[in-house]
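Quick note: residue numbers are just sequence positions, from 1.
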Amino acid sequence: MDKSLLRYIWRHTRKQQIWVLAIVIISMLPYFLAFDLPKRIINGPIQGSGFEQPDSRQAFLAFDYKVPLTDWSLNFDGISLDRLTSLMALSGVFLLLVVINGLFKFYINTYKGRLGERLLRRIRYELVDRILRFPPSYVKQVHSSELSTIVRDEVEPFGGFTGDAFVQPTLLGGQAIAALSFIFLQSLWLGMIAGVMVALQVGIIPKMRRRLIDLGRRRQITARHFAGRVGEIVDGVGAIHAYDTSNYERADIAQRLGLIYKIRYDLYRWKFFVKFFNNFLSQLTPFLFYSIGGYFALRGSLDVGQLVAVINAYKDLPGPLKELIDWDQSRQDVQVKYEQVLEQFEPQHMLDPALLAVALTSPQGHVGLLQAQNVTLLDGSGAKVVENVSLKLTPGETVAVIDNHGGGGELLAEAFGRQNWPVSGKVTVGDVDILELPDSVVGRAMSYVSADGYFFHASLKDNLIYGLKHAPTNSVNYTGREAAQRRWDVREAQLVDNSDLDLNADWLDRRATSVLNGKPGDLRDSIIGALDAVQLTNDVLELALHSIVDPLEYPDLTERVVELRLALREELRTLGLSNLVVHFDPSSYNSEATVGENLLFGTLRPVADMPVFTHKSDYFYAVLERAGLLSLFYEMGFMIAENLVEIFAGLPADHPFFQQLDVLTADDVVYYQQILQRLQGRTKPAPTEEEQRAMIRLSFNYVEPRYRLGVLTDEIMDKIVVSRDQFHDNLSPELRNSIERYDPHRYMASASLRENVIFGKLAHRNPGALAKFREIAQRLSIQKGLSDRFLALGLEFDVGSGGRRLTIAQRHKLNLARALVRRCDYYIFNKPLPGLDRRAQEDIVRDVLAFLQQQDNDPTIMWVLSNTSLSKNFDRVVVFDNGSVVADGSYETLDKENGIFKTLVA
């Protein structure tokens, strides 16, 4: 990028700038004519010059023009008009000039806006392109939020300035020169006055505004650092709460905001002082015109029409002049911002753009031998951690890397994955330095996985197959309006950033999947095999079972879920396990559900602007009263309160009994104890509305098999079942429609997939109910072909920004699975599973090795282990100690001969 923003703009918009400059120059002609016309109107038809006699007439639009260098001449005698029609004609020409000047401004401003948006698009594209070319060491030093703030906000002024870069000084300067020239033509003295005032404004105001530029630079830098700090707080909010440092962060933010406030306040004060001084100079000139010009008019050396024309012309002079001064300040301001942007986006050793060029085909065959040759690597502090290490990885072997002291193995894995560039020596693929190979070769032939893999805000599947999106494989056949829009997009892209890649095309390289049998299901088999290998399949199924499925979006799936539900009920009955689940039945009470769930017998749809239907709303209790259930639930709640207070009163708040109690807490026990003492007194007062509602809330959360207080008799249960319809009939029509009632033969859109499959409550008295039910449900879902559908639904789960909706273990597993979906020559695993228990790591390492070794391309696997005992699963073991390789051989050989290795695996 050019050091000067003006040169950068001219280089990329030269043709368009020349065109709009030509339009600006042409627009000066009607602009100048508009100055002279008021004088003609006032001196001619209005004051009567040339119309001294009642029948006087003048020629309108008459001209006589001799073509230079020829004998030809163009002339027109004009149209003879009297005084009134001449006034109307000249006024009409004035209006026409106003329209023409307005149309010129409209076209110029629109064209400038288009130029600005194009260059803004180019700059943003180029900055993001540069981010993709940053060396790894620089990426670790910068704040991502600062870079995103620069790309999003700080380059915004460049777009606005682009259209004004050359057009604005030409347009404004032309207007100012036209107005000043016109004033000189009318009166030399008034022209000199205007010239002196213009010189003062042009000479003094820009110097005064230099301080504004300096303050603006400081404001931009502090705002950028503030954005970076806020980004750190968002990323580290967990650590902030864990270490109770929120108030320290508040103090830091308050100090930064105070500094920004001070800078902005100083900027405002100086800005408006400069504006005041500029306005004073602008208003001083009319004073001089009125006084000195009026004096000349009184003496007869200047007619009134000329004075009015001069004053009218000067009205158009301060505007362009002020905007010209503003343009100069804007030019200096955006140049400073441009230089600051370049400082952030021009690190040393940026990747060559050719290394990131689009390649539609993948390299054929094995890319060559991967080896480190006398490599020296530095850590983040600049200290040497690996020094003069050489290591060769041959095709098909599995290599375990173990660190005794230091992180030599980790840094060497980073070097193989191009995440750490050697300060001396080199990593080669075949005979070529890995840093000289394009991404289309290394990025497809090698998969590097570490513990800090990043996930994009997209579905789990999109993140899982992200490594297969190298280049568009099949284009989209657009038709109609879409085709026209696509042609426009391509044309604009080629004009701006030379990128005509279509995001809507098929980017999946299905020839690069780990399972490659030449069948349509290769991608599916690769995904399932990778999920199984890292033990993530059950997690994905759980995500699916907790999701809400819209029957309108998945009609076939929801119908088959209802079939599975009925088949499960029949299977449980056949196996004599009907007691595992108490199903929802419209004609019976569900003993494992709460009283409230039995009465509502359905789920609430999330509908906006509906009455608040909770235990805290007045509407809820009004409906209970209309249904005749208020006293029933109050009596139940009173009995429950008596029993629970008797059992739990006096127990400490941390007693384990309260952990098993969902109905009330230790504080609630004290609250209900106070209510009972008042209501059971000698006078036995009537309960207040608050006390009545407290008892009803207690009854609504009651489940007889869980608490076994004996307050829920068969008679009460039958009455609740009978009252269901009456309860629903007393609801408002809107709320009644928002409740989706349980129906064994219909899918519940507002319930989760799991709730739809179970369609009931698991029995509390059977501790193994969930495991048994899950086993039967899994077997039936496989038989009915629903297992893959559930898995596909789970893969649509949105992982959130950075994958934060997943657990840490799930993120590590997904990161590893993302590499396993791809077919590569080399897999470099740099401690990808930290924090997993020993048993899980053993199973995953074994399954991953088995999965990859099934490939027919004989891949090489290098795994830096955090659990050294797992090295027995590998063909070869490399031991690092203090940054050097101290042992290299098979597990059996090292276990017999190497003392350091024995110590590590012991």
Quick check: do [X] and [Y] have side-chain heavy atoms less than 4.5 Å from each other?
X: L369; Y: K392; value: yes
X: L508; Y: K469; value: yes
X: V389; Y: F880; value: yes
X: P832; Y: S450; value: no
X: L786; Y: L557; value: yes
X: L791; Y: L531; value: yes
X: I861; Y: V399; value: no
X: F416; Y: M862; value: yes

[X] and [Y]: side chain donor to acceptor below 3.5 Å:
X: Q778; Y: S781; answer: no
X: T893; Y: S890; answer: yes
X: Q810; Y: D539; answer: yes
X: D532; Y: T537; answer: yes

Taking all atoms of both residues into account, what is the closest heavy-atom pair of [X] and [Y], and its distance?
X: V799; Y: S459; result: CG1-C, 4.3 Å
X: L894; Y: V877; result: CD1-O, 3.5 Å
X: V878; Y: L391; result: CG2-CD1, 4.0 Å

Any side-chain to backbone donor/acceptor pair from [X] onto [Y]? Under 3.5 Å, distance only.
X: D403; Y: H405; answer: no
X: T376; Y: N388; answer: yes
X: R133; Y: L351; answer: yes
X: T860; Y: T394; answer: yes
X: N873; Y: L870; answer: yes
X: S526; Y: V515; answer: yes
X: N463; Y: F456; answer: yes
X: R811; Y: L806; answer: yes
X: S801; Y: H457; answer: no
X: R876; Y: T398; answer: no

For side-chain contact (heavy atoms from CB on, under 4.5 Å), just list the numbers for V401 and L865, CA-CA rounded to whole Å, side-chain angles, deciding distance to a tenth of an Å, and then say yes or no.
CA-CA 6 Å; V401 178; L865 296 173; over 6 Å; no
To the nearest 0.5 Å, what is the distance between [atom1] ([X]) and [atom2] ([Y])?
X: L127; Y: L147; atom1: CG; atom2: CG; value: 9.5 Å
X: R418; Y: Y448; atom1: CZ; atom2: OH; value: 12.5 Å
X: K831; Y: D452; atom1: NZ; atom2: CG; value: 13.0 Å
X: S547; Y: F790; atom1: OG; atom2: CZ; value: 9.5 Å
X: L464; Y: L820; atom1: CG; atom2: CG; value: 9.0 Å
X: Q535; Y: K813; atom1: CD; atom2: NZ; value: 5.5 Å

Look at [X] together with [Y] and state whether they make a salt bridge at an N to O cut-off of under 4.0 Å.
X: R779; Y: E775; result: no
X: E249; Y: R229; result: yes
X: K461; Y: E796; result: no
X: E542; Y: R774; result: yes

Applying salt bridge (Lys or Arg N to Asp or Glu O under 4.0 Å) between R823 and each of D856, D522, D509, report the one that passes.
D856
Do the ring centers of H366 and Y826 come within less than 6.0 Å of each other?
yes
Please indicate whether [X] has more than 12 foreign heavy atoms, meaning atoms of other residues, nucleotides or ligands, lying under 6.0 Å from its [atom1].
X: Y138; atom1: OH; value: yes
X: D837; atom1: CG; value: yes
X: R804; atom1: CZ; value: yes
X: Q348; atom1: CD; value: no

My understanding is that only one of M446, E414, Q419 makes a side-chain contact (heavy atoms from CB on, under 4.5 Å) with I828; could you say which?
M446
Give me the ring orientation class for F345 and F134: parallel if the planes are under 30° apart, tilted from 30 to 60°, perpendicular past 60°.
tilted
Any chance you could lay out the side-chain contact (heavy atoms from CB on, under 4.5 Å) test for S752 and I548, step after step, and finish with the verdict?
CA-CA 5 Å; S752 69; I548 304 295; 4.2 Å; yes
Verify side-chain hydrogen bond (donor to acceptor under 3.5 Å, both in side chains) between T473 and R510, making sure each step is shown before the conclusion.
CA-CA 9 Å; T473 55; R510 291 174 174 79; 5.1 Å; no
Please evaluate residues V423 and L377 with respect to the criterion side-chain contact (heavy atoms from CB on, under 4.5 Å), reporting the C-alpha separation (whole Å), side-chain torsions for both, the decisive distance (0.1 Å), and the verdict.
CA-CA 6 Å; V423 294; L377 300 169; over 6 Å; no
List the steps and the verdict of salt bridge (charged side-chain N to carboxylate O under 4.0 Å, His left out) for E842 and R846.
CA-CA 6 Å; E842 289 178 352; R846 183 181 62 252; 5.8 Å; no
Evaluate the side-chain contact (heavy atoms from CB on, under 4.5 Å) criterion for residues T428 and Q373: first the C-alpha distance (whole Å), next the side-chain angles of each, then the deciding distance (0.1 Å), finally the verdict.
CA-CA 8 Å; T428 61; Q373 301 176 7; 3.4 Å; yes
